[in-house]
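Only a predicted model underlies this, so the values are computations on that prediction, with no experimental measurement involved. Hydrogens, waters and symmetry mates play no part in the numbers below; they use all other heavy atoms, side chains included.
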Amino acid sequence: MGLIHIDLFTTLDGVAQAPGGPDEDADGGFAFGGWQAPLLDEVVGEQVDSGMVGMDALLLGRRTYDIFAAYWPHADGGIARLFNRLPKYVASRQSPALKWADSTLLGPDVVAAVRELRDRHANIHVIGSLDFVQTLFAERLFDRLTLWVYPILLGGGKKVFAGGVVPTKLRLIEPVVASPKGAVLQRYALADGTPGVGDMSASGQES
């Protein structure tokens with residue numbers, strides 16, 4: 001069975017809206033589109049590239065698909081070549097015309113469709129797609145979660161964990177990486193079960 005990877009850039013206060021540019025997503029009057037750009041450096045670039053090794057499908061929400069489809073077919077470089085040759089699957093409540101090569105609209109039962117993709121691909125990556133990601137979180141329908149956490153606070157905007165998240169355990173699967181400009185990479189795997197609880201005072205830990 002293949003793995004579903006969720007890859008997100010987020011601020012320290014959990015905002016993941018429009019990291020790439022000012023016109024990416026201005027919903028709610030969001031005024032900080034492109035907040036990631038001043039904090040990019042070589043370490044971020046290297047780690048983003050290495051995280052795409054083995055990727056054999058893209059799974060995107062409609063808004064992110066439209067942004068990618070308007071840019072990557074006309075871009076150069078390794079990521080452009082990878083994205084342009086991969087099959088792309090799109091979750092949408094509408095019936096958009098998908099003009100980017102090898103793009104397929106998922107059926108109305110998105111959860112069932114995503115589960116079926118696991119039988120067809122080894123490493124399916126969801127990039128951005130915040131609204132769609134909430135469904136995957138609520139269904140525990142992911143296997144890996146990669147977060148780039150940037151050292152800024154925005155105070156408002158769409159959040160990584162916006163609502164509908166169910167109690168879930170994660171396991172850190174490799175050492176945390178920090179970039180020179182303060183971005184921190186955390187890669188997790190979905191773990192079995194739900195978070196446990198305990199009593200700190202029973203272990204003599206009261207302060």
Q: For Q134 and A162, indicate whether the former's side chain and the latter's backbone hold a donor-acceptor pair under 3.5 Å.
A: yes
Q | Any donor-acceptor N/O pair, D13 side chain to L153 backbone, under 3.5 Å | A | no
Q) From T10 OG1 over to W35 CH2, what is the distance, rounded to the nearest 0.5 angstrom? A) 6.0 Å
**Q.** Sidechain-backbone polar pair: K88 side chain, A101 backbone, donor-acceptor under 3.5 Å
**A.** yes
Q: Salt-bridge test for D131 and R93: reply yes if a basic N is under 4.0 Å from a carboxylate O, no otherwise.
A: no
Q. Where do G182 and P151 come nearest, in terms of heavy atoms and distance?
A. O-CD, 3.5 Å
Q) Are any side-chain N or O atoms of D102 and backbone N or O atoms of L86, one a donor and one an acceptor, separated by less than 3.5 Å? A) no
Q: Assign the ring pair W148 / Y150 to parallel, tilted or perpendicular, where the plane angle (0 to 90°) is split at 30° and 60°.
A: tilted
Q: Determine whether V110 and F132 make a side-chain contact, defined as any pair of heavy atoms from C-beta on separated by less than 4.5 Å.
A: yes
**Q.** S129 (side chain) donor-acceptor with L60 (main chain) under 3.5 angstrom
**A.** no
Q: Using modelled atom types only, decide if a donor and an acceptor are shared between the side chain of K99 and the backbone of A69 within a distance under 3.5 Å.
A: no
Q: Say whether, by atom type as modelled, one donor and one acceptor occur between the side chain of S201 and the main chain of D199 under 3.5 angstrom.
A: no
**Q.** Under 3.5 Å donor-acceptor, S103 side chain and W100 backbone
**A.** yes
Q. For T104 and L98, what are the C-alpha separation, side-chain angles and deciding distance, and is it a side chain to side chain contact (heavy atoms under 4.5 Å, CB included)?
A. CA-CA 7 Å; T104 302; L98 305 179; 5.7 Å; no
Q: Give the minimum heavy-atom separation between G128 and T64, together with the two atoms involved.
A: C-OG1, 4.0 Å
Q.
Contact between F9 and V48 at the side-chain level, heavy atoms closer than 4.5 Å - yes or no?
A. yes
Q: Describe, in one word, how the ring planes of H5 and H125 are oriented to each other, choosing from parallel (under 30°), tilted (30 to 60°) and perpendicular (over 60°).
A: parallel
(Q) Between Q17 (side chain only) and D25 (backbone N and O only), is there a donor and an acceptor less than 3.5 Å apart? (A) yes
Q) Do the rings of F161 and F137 sit parallel, tilted or perpendicular, given the 30° and 60° boundaries? A) tilted
Q | Interatomic distance, L141 atom CG to R115 atom CZ [nearest 0.5 angstrom] | A | 5.0 Å
Q. Just by distance, do the side chain of N123 and the backbone of D56 share a donor-acceptor pair under 3.5 Å?
A. no
Q. Side chains of L145 and L190: does their closest heavy-atom pair fall under 4.5 Å?
A. no
